[in-house]
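Structure first, commentary second.
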Amino acid sequence: MKTISAKKIQNVVADLCLEANFILRRDVLACLKAAYARETNPRAKKALAAIIKNAAEARKEKLAICQDTGLPCVFVELGSAVRVAGDLKAAINKGIEIGYKRGCLRNSVVRDPVLRGAPGFTPALIHIDIVPGDKLKLTVMPKGFGCENKTQLKMFRPTAKIEEVKRFIVDAVKCAGPDACPPYVVGVGIGGSADYACLLAKKALLRSVVRRPSPVVRNRNTEYGIWNMERILLRLINRLGIGPMGLGGKCTALAVNIATYPTHIAGLPVAVNISCHALRSATRALS
Amino acid sequence: MQIKNLKAGKEILYSGVLYTARDQAHKRLVEAIKKKKKLPVDLKGAVIYYCGPTRTPKGKVIGSCGPTTASRMDEFAVALLKAGVKAMIGKGRRSPEVIAAIKKYQAVYFLTYAGCGALLAKFVKKAKPVAYRDLGPEAILKLEVKNFPLIVGIDAKGGSIYGKG
């Protein structure tokens, strides 16, 4: 058994808040720069240049990449051989509050979703997964709500054609249009249940947005099938011509990331969670 | 700034005063207009920026301060235009009702670089809360900006940068 103190978790979460909000993910920045190099539409190129410059400015000035510092989502992978000394959730929320205050990040969380009221920093949305091993992995993802508002879920028939699923995903992006800060990263969850598909779609955004090389096994129902579907969807989405800031151009999405899970014989849940170009997250493993 | 000369797609650098207001501030302003109460800011000729910045770090004028999604303000925008608002700054599409009101009241809707709050902070020279401080990041701030980059999204003739529909 390995013991990790709640205090340590709190401090790491606070650091991750600053890292995620000030330093744009390296993979996201690389994709933006590649999109800039490819772009020929002058207005789109200018918008991409502003986005890239914004990331540099945020890092240098220690300012949030975006004023919407999100609803803080925290993903925890807790090794089964780890014992947390203290209250894990309380430590995470305390860490968020300390990090957000220290970084002058925005208090965007209202305690009462109906009556609203003065916003605070917490509670964070915490997802805990118990995994084998003796490590504790923490990921802080400040998810902006302009794009979160564009989330879609559809429960397909199990006999639905894959083309229907693809159309639904492309339509979700079309529906977001210019509103949610394109170029987007499109997170897709396929399988599980209604709630689980939504979680998969969000978790898919944590994966690198840099295109992976093709998996070796060329079998439709394996990793290759998903890899290929991501490739086709990205092409279809970029044909929509929404472009950076919605002003046209080649790049409507930087990436499509699909995560799957087994599901019931009666259904095929598909969720789409769109991220704005300011896709932010930071991770650290403690052991 | 001559509003009638601003055509959708035109890029300008704006220097002058902006008032930030987003969801809750809009709700309150429109309630106040309905009840014929005195408004905390003079809306005649005002430029409204759909923005809720991050907290201001020590030694800085303002925090990160990019635009928020304009369509959430659509249900309130017509009343504000009627009350004299001349320009709005945000990101994304507007409803047909808002576009019609922009034409009717000869106003303009601008876009600015979305998701670029750190960059836009450089153009803000002064920031002061003027109303609804209890709303935290949704309070109304008076901003003085210099060379703030704007793109005409919807012009006074109803022309839109996104085309029709």
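Residue numbering restarts at 1 for every chain, and letters A, B, ... go by the order of the sequence lines. Given the structure is predicted, the values throughout are model-derived calculations rather than measurements. Computation of the quantities below employed the complete heavy-atom set of this structure, encompassing side-chain atoms and omitting hydrogens, waters and symmetry-equivalent molecules.
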Note, A/R106 side chain near B/R55 side chain (heavy atom, < 4.5 Å): no
N/O donor-acceptor pair under 3.5 Å between B/S64 side chain and A/A64 backbone: yes
Contact summary for A/G146 and B/K91, nearest pair of heavy atoms: CA-NZ, 4.5 Å
Pairwise distance CG(B/L119) to CD1(A/I52) - rounded to 0.5 angstrom: 12.0 Å
Greater than 12 external heavy atoms within 6.0 Å of B/K86's NZ: yes
Reported OH-to-CE distance for the pair B/Y162 and A/M245, which is rounded to 0.5 angstrom: 6.5 Å
Heavy-atom contact with chain B under 4.5 Å, split by part of A/R59: neither
Atom of B/A118, atom of A/E57 and distance for their closest heavy-atom approach: O-CG, 3.8 Å
Atom of A/Q67, atom of B/T54 and distance for their closest heavy-atom approach: O-CG2, 3.5 Å
Side chain, backbone, both or neither of B/P67 within contact of chain A (heavy atoms, under 4.5 Å): backbone
Straight-line distance of A/C66 SG to B/L120 CG, nearest 0.5 Å: 10.0 Å
Basic-acidic side-chain contact under 4.0 Å: B/R93, A/D179: yes
Heavy-atom proximity to chain B below 4.5 Å, by part of A/L105: backbone
Under 4.5 Å from any heavy atom of chain A - which part of B/A121: side chain
Nearest heavy atoms of B/I161 and A/L247, plus distance in Å: CD1-CD2, 3.4 Å
Test: B/K122 and A/E61 ion pair at under 4.0 Å: no
Flag side-chain contact, heavy atom, 4.5 Å: B/T56 against A/C104: no
Side-chain donor/acceptor of A/N54 to backbone N/O of B/G115, under 3.5 Å: yes
Heavy-atom closest contact (A/A47 atom, B/Y113 atom, distance): CA-CE2, 3.9 Å
Close side-chain approach of A/P119 and B/P137, heavy atoms under 4.5 Å: yes
Under 4.5 Å from any heavy atom of chain A - which part of B/R22: side chain
Interface moiety of B/P57 toward chain A, non-hydrogen atoms closer than 4.5 Å: both
